[in-house]
Amino acid sequence: MQLTRAGFLALLWLFVLAALRVVRSDLYAASGIRVSMPGFRRSSGKQQARGKQPRQLVVTHGALAGTRISLDGRPILIGRADDSTVVLDDDYASTRHARLSLRGTDWYVEDLGSTNGTYLDRAKVTAPVRVPLGVPIRIGKTVIELRS
C-alpha cells in the first residue's frame, strides 16, 4: 500500500512539473524572449542583398507551414477572420491580427490591436515596421517570412 501511495505521489509531481514547464514556455513566448524552436533558423545577411525584392510570403512554422502567397502589392491581412488573406486557426491569433502592406518598395508589418501581439524577429511590433527579407514574423504559433 505504501509503494502505491509513493508511486502515485511521484506521478502527481511529474504532472505538476510538466504543467509548470508548459506555462513557463508560454510566458517566455508571450514576453518576446527567444525560446528554441526545432528547425528554426536565423536568416543570413547574404539573403538581404540590395536589389532583391520580396516576391512571396512563406509560412515557415505553424499549422499552415509550407504555404506560399505571391506578393502583388495588395495589403495582406492576417488573422482568424474568414476574409483574411492568411486565415490562422490559432488560439493566440486575433480575428484581425496584423497587416502587411507595401509602402514604396518596402513591405511593412503592422499590429492591428491584437491581444497577444505581433513580433518581428524578437521585437514586439507597436507601430508599422519595415520587414527585411528572411526575418521571421511571429503571430501566435505561426511564423512567416518574406522571400524573393
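Residues: numbered from 1 along the sequence shown.
- Q56 and R68 form a side-chain donor-acceptor contact under 3.5 Å, judged by distance and modelled atom types alone.
- Put simply, CZ on R80 and CG on L88 are 9.5 Å apart, with the number rounded to the nearest 0.5 Å.
- A continuous path of Ile, Leu, Val, Met, Phe, Trp and Tyr side chains, each step under 4.5 Å between heavy atoms, connects L71 with V59, placing both in one hydrophobic cluster.
- Between atom CD1 of residue I144 and atom OG1 of residue T60 there is a gap of 8.5 Å, rounded to the nearest 0.5 Å.
- With sequence neighbours excluded, no residue satisfies salt bridge (Lys or Arg N to Asp or Glu O under 4.0 Å) with D82.
- One hydrophobic cluster, built from ILVMFWY side chains closer than 4.5 Å, cannot hold both V58 and L64; they sit in different ones.
- The shortest heavy-atom contact between E145 and P136 is CG-CA, 3.9 Å.
- Atom CG of L12 sits in a crowded spot, with more than 12 heavy atoms from other residues, nucleotides or ligands closer than 6.0 Å.
- When side chains are defined from C-beta on, T67 does not count as touching V86, because their heavy atoms never get closer than 4.5 Å.
- Judged by distance alone, with hydrogens and angles left aside, the side-chain atoms of S94 form a donor-acceptor pair with the main-chain N or O of T115 at under 3.5 Å.
- Between S101 and R74, every side-chain heavy-atom pair lies at or beyond the 4.5 Å cut-off.
- Relative to the six-membered ring of Y108, R130 misses at least one condition, a distance below 6.0 Å or an angle of at most 45° to the axis.
- To the nearest 0.5 Å, atoms NE2 (H61) and CZ (R138) are separated by 12.0 Å.
- Side-chain contact between T85 and I78: absent, with no pair of heavy atoms (C-beta onward) separated by less than 4.5 Å.
- For N116 (side chain) and Y92 (main-chain N/O), a donor-acceptor pair under 3.5 Å exists by modelled atom type.
- Of the charged side-chain nitrogens involved, none lies within less than 4.0 Å of a carboxylate oxygen, so that R55 and D72 do not count as a salt-bridged pair.
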Subject >> Candidate pair L112 and L77, rule side chain to side chain contact (heavy atoms under 4.5 Å, CB included), full reasoning >> reply: CA-CA 10 Å; L112 300 176; L77 187 61; 3.4 Å; yes
Original post:
Going through the distances and angles, do W13 and L9 end up as a side chain to side chain contact (heavy atoms under 4.5 Å, CB included)?
Top reply: CA-CA 6 Å; W13 274 107; L9 187 61; 4.0 Å; yes
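- Between G117 and H97 the shortest heavy-atom distance is O-NE2, 2.9 Å.
- Under a hydrophobic clustering in which Ile, Leu, Val, Met, Phe, Trp and Tyr are joined whenever their side-chain heavy atoms come within less than 4.5 Å, directly or via other members, V87 and I69 fall into different clusters.
- In plain terms, the two heavy atoms of I139 and D90 that are nearest each other are O-OD2, 3.7 Å.
- Taking CG from D111 and OH from Y119, the interatomic distance works out to 9.0 Å, rounded to the nearest 0.5 Å.
- Rounded to the nearest 0.5 angstrom, L133 CG and S148 OG are separated by 5.5 Å.
- In the displayed structure, D89 atom CG is contacted under 6.0 Å by at most 12 heavy atoms of other residues, nucleotides or ligands.
- The shortest heavy-atom contact between P54 and W107 is CG-CD1, 3.7 Å.
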**OP:** Determine, stepwise, if the pair I137 / V143 fulfils side chain to side chain contact (heavy atoms under 4.5 Å, CB included).
**Re:** CA-CA 5 Å; I137 301 168; V143 179; over 6 Å; no
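- To the nearest 0.5 Å, atom CD of residue Q53 and atom CG of residue L102 are 8.5 Å apart.
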